[in-house]
Amino acid sequence: MNKVFDFIEQNKMLKKGDSVVVGISGGADSVCMLNLLNSYRDKLGISLFALHVNHHIRGQEADRDEAFVEALCKDLMIPCRTVHVDVPKLAIEQSISEEEAGRYARYNAFEEYCKEVGAQKIAVAHNKDDVAETVLHNLFRGTGIKGLSGIPSTRKLDSGITIIRPLLAVTRAEIEAYLSQCNMTFQTDSTNEETDYTRNRIRLKLIPYIEECINSSARANIIQAADTLSEISQYMDMQIAQAYQKYVKDFLWHSSGFDLPRPIATGLIRLMIDRLVGTLKDITKTHIDFVMDLRFKQVGKKIEIPYNIVFERTYDGIKAYVDEGRGRVWADSNNYYSETDYVSQAPVEMDYDGQALAETDYESQTPVEMVVEDAPDDVASIPKLLYTKWLDYDKIKKPLIRHRLPGDYIVIDQKGGRKKLKDYLIDEKVPRAKRDDLWLVADGSKVLWVVGHRISEDCKVSATTKKVLKLDFCPKQA
């Protein structure tokens with residue numbers, strides 16, 4: 001209790017009079033957090049509201065958790081709201097993983113409930129062990145310094161509401177010991193013990209193996225390293241913000257700032273992109289490197305990257321803007337999307353030898369790089385990105401990068417149902433003037449990927465996939 005309360009004070013998570021929506025699943029972590037915040041309620045002078053989301057994934061077990069949460073909140077005299085979301089259906093509709101769909105559903109519910117009750121804070125129950133798992137998970141998938149910095153204790157949303165994580169001061173073992181001492185029961189999610197998902201394998205197999213065979217303090221050392229990197233990351237953010245204020249005006253990076261240290265310069269570019277379109281999703285190191293190279297290019301050279309962002313070398317520096325004439329950028333509650341529009345060219349045939357198909361030829365403006373890789377152990381670990389896709393390699397004969405042709409179609413369901421590409425583009429409300437300029441990866445008349453849009457349903461990676469064809473949309477130089 002003292003650890004958590006001190007952590008709350010040190011990180012200025014709560015102040016007198018705050019209203020807090022507490023996310024509670026019924027598991028040990030969230031039950032512990034709710035009980036602790038309830039114990040502090042009078043001392044802190046705060047109001048608590050509980051929120052439980054039934055994801056409709058675990059059937060009767062999920063209904064059991066819902067009933068448990070509602071009974072617990074009634075005993076503690078805390079108002080409780082239960083929200084039902086068909087997460088599997090949502091995942092299919094938005095072409096994202098169930099894990100990501102569940103997260104979106106929860107945070108949308110959090111924000112709506114906060115607005116309804118006038119709450120300024122959302123409390124979620126991540127603990128110290130989650131930090132170690134997150135760092136390793138991000139490291140294996142590929143990440144920068146932020147991904148290795150663990151989980152922030154607080155995070156402000158665009159709505160102004162702040163997410164707080166009071167349990168980051170304690171381990172899972174400490175949480176369970178506290179609940180045992182208080183004679184408090186909790187529910188166990190059976191899926192937490194399954195090893196179908198990468199994060200579960202890290203928690204259940206990898207970390208215990210490391211602690212047993214390499215260093216018994218490995219978990220604590222990972223957390224300590226994350227804390228150190230978090231401090232460095234915060235310092236870097238401050239330096240990047242100062243550099244942005246000094247060298248960037250109206251999205252023009254002045255040439256007097258071209259000699260900035262590389263970590264500051266690349267961070268400055270990312271900040272320009274984020275402020276321009278509000279997202280960094282699908283922005284890779286490759287895109288940033290091409291923008292960095294513009295420093296040494298002649299005036300008039302351009303780089304086009306996702307979301308119709310153009311970086312152009314000018315006399316004064318590098319200018320960033322969204323090319324509204326080549327498509328438009330719009331947003332829904334979760335992602336930014338854009339129409340993709342590039343200079344028309346003849347089809348580019350990519351030969352492959354079973355290892356790598358071809359290097360991207362930027363001089364000829366080939367916009368997609370294709371590489372053959374081993375399939376991942378966990379299909380769910382494949383990121384859901386707009387401009388990078390993974391297909392089942394063995395289901396593809398001869399991929400071709402081109403624009404649309406008469407007779408093109410795309411498979412839209414797992415039963416093999418087809419739709420004419422023309423009809424698909426109409427349904428997607430792609431303007432007529434832009435349809436002929438969309439890039440496609442096709443196998444004969446079958447479209448494997450409409451770049452910036454969907455992939456063919458019958459080529460999706462499954463549990464039986466042995467090899468994957470990774471498709472990367474790459475920037476075009478002009």
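Note that the structure is a prediction, hence the values are computed from the model and not measured.
- In this structure, Ile455 and Lys389 approach most closely via the heavy-atom pair CG2-CG, 3.6 Å.
- Between Val83 and Glu112, every side-chain heavy-atom pair lies at or beyond the 4.5 Å cut-off.
- Of the charged side-chain nitrogens involved, none lies within less than 4.0 Å of a carboxylate oxygen, so that Asp130 and Arg203 do not count as a salt-bridged pair.
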message: salt bridge (Lys or Arg N to Asp or Glu O under 4.0 Å) for Lys285 and Asp289? Distances and angles first, verdict last.
response: CA-CA 6 Å; Lys285 182 178 181 297; Asp289 287 345; 2.8 Å; yes
- prompt: Are Leu37 and Leu34 close enough, and set up right, to give a side chain to side chain contact (heavy atoms under 4.5 Å, CB included), and what steps lead you there?
  reply: CA-CA 5 Å; Leu37 290 176; Leu34 184 67; 5.8 Å; no
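- Between Lys12 and Glu9 there is no salt bridge, since no side-chain nitrogen of the basic residue lies less than 4.0 Å from a carboxylate oxygen of the acidic one.
- One side chain, Arg199 or Thr134, offers a donor N or O that lies under 3.5 Å from an acceptor on the other.
- For CG of Asp413, the number of neighbouring non-hydrogen atoms (other residues, nucleotides, ligands) closer than 6.0 Å is greater than 12.
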query: Can Met272 and Val291 be said to form a side chain to side chain contact (heavy atoms under 4.5 Å, CB included), step by step?
result: CA-CA 11 Å; Met272 290 176 73; Val291 177; over 6 Å; no
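- Cation-pi contact between Arg103 and Tyr107: present, with separation from the ring centre below 6.0 Å and deviation from the ring axis of at most 45°.
- Of the inter-residue distances, the one linking Ile46 atom CD1 with Lys16 atom NZ reads 12.5 Å to the nearest 0.5 angstrom.
- We find that Arg219 and Asp129 are joined by a salt bridge, their nearest charged nitrogen and carboxylate oxygen being less than 4.0 Å apart.
- Rounding to the nearest 0.5 Å gives a distance of 11.0 Å between CD1 of Ile305 and OG1 of Thr286.
- The heavy-atom pair separating Ala125 from Asp29 by the smallest distance is O-CB, 3.5 Å.
- Relative orientation of the Tyr387 and Phe473 rings is tilted, given thresholds of 30° and 60° on the angle between their planes.
- Salt-bridge check for Glu133 with Arg172: passed, with a basic side-chain N closer than 4.0 Å to an acidic carboxylate O.
- Of all heavy-atom pairs spanning Val461 and Asp392, the tightest one is CG2-N, 4.0 Å.
- Across all non-hydrogen atoms, the minimal contact from Cys114 to Val21 is SG-CG2, 3.6 Å.
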task: Check the pair His287 / Thr284 against side chain to side chain donor-acceptor pair (under 3.5 Å), numbers first and verdict last.
output: CA-CA 5 Å; His287 298 133; Thr284 68; 3.3 Å; yes
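- For Glu373 and Lys467, the salt-bridge test fails: no basic side-chain N is under 4.0 Å from an acidic carboxylate O.
- For the atom pair CG of Leu72 and CD1 of Ile78, the computed distance is 7.5 Å after rounding to the nearest 0.5 Å.
- When the shell of 6.0 Å around CD of Gln224 is examined, it contains 12 or fewer heavy atoms from other residues, nucleotides or ligands.
- Arg165 forms no cation-pi arrangement with Phe7, by the criterion of a distance under 6.0 Å to the ring centre and an angle within 45° of the ring axis.
- The OG atom of Ser25 sits 11.5 Å away from atom CG of Asn54, with the distance rounded to the nearest 0.5 Å.
- Between Pro261 and Ile264, some side-chain heavy-atom pair lies under the 4.5 Å cut-off.
- Applying the 6.0 Å contact sphere to CZ of Phe140 captures more than 12 heavy atoms from other residues, nucleotides or ligands.
- Ring geometry, His56 versus His84: the interplanar angle falls from 30° to 60°, so the pair is classed tilted.
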query: Checking side chain to side chain donor-acceptor pair (under 3.5 Å) for the pair Glu111/Ser159: CA distance, chi angles, key distance, verdict?
result: CA-CA 8 Å; Glu111 292 199 65; Ser159 61; 2.7 Å; yes
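- Using a cut-off of 4.0 Å between Lys/Arg side-chain N and Asp/Glu carboxylate O, Asp472 and Lys470 are scored as salt-bridged.
- Environment of CE in Met77: sparse, with no more than 12 heavy atoms of neighbouring residues, nucleotides or ligands closer than 6.0 Å.
- Scanning both residues, Pro399 and Ile396, for their nearest heavy atoms gives CD-CG2, 4.0 Å.
- Note that CZ of Phe311 and CE of Met292 are 11.5 Å apart. Values are rounded to the nearest 0.5 Å.
- A distance-only check finds a donor-acceptor pair linking the side chain of His254 to the backbone of Ser256 [under 3.5 Å].
- A ring-centre distance under 6.0 Å is found for Phe258 and Trp253.
- Ionic pairing of Lys121 and Asp18 is present here: one or more N-O contacts between side-chain nitrogen and carboxylate oxygen are shorter than 4.0 angstrom.
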task: List the steps, then state whether side chain to side chain contact (heavy atoms under 4.5 Å, CB included) holds for Ile273 with Ile309.
output: CA-CA 8 Å; Ile273 295 170; Ile309 301 169; 3.7 Å; yes
task: Report the C-alpha separation of Met184 and Val31 in whole Å, then their side-chain angles, then the decisive distance to 0.1 Å, and conclude whether the side chain to side chain contact (heavy atoms under 4.5 Å, CB included) test is met.
output: CA-CA 8 Å; Met184 293 198 69; Val31 169; 3.8 Å; yes
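- Ion pairing of Glu174 with Lys128 is absent here, as no side-chain N (NZ or NE/NH1/NH2) approaches a carboxylate O to less than 4.0 Å.
- When each of Asp237, Leu280, Ile240 is checked for a side chain to side chain contact (heavy atoms under 4.5 Å, CB included) with Leu271, only Ile240 meets the rule.
- Pro166 and Met33 make their closest contact through CD-SD, 3.9 Å (heavy atoms, listed as atom of the first residue, atom of the second, distance).
- Taking CD1 of Ile318 as the reference point, atom OH of Tyr247 lies at 14.5 Å (rounded to 0.5 Å).
- Judged by distance alone, with hydrogens and angles left aside, the side-chain atoms of Ser39 form a donor-acceptor pair with the main-chain N or O of Asn35 at under 3.5 Å.
- Counted by atom type alone, Thr82 and Glu70 present one or more donor-acceptor pairs between their side chains at under 3.5 Å.
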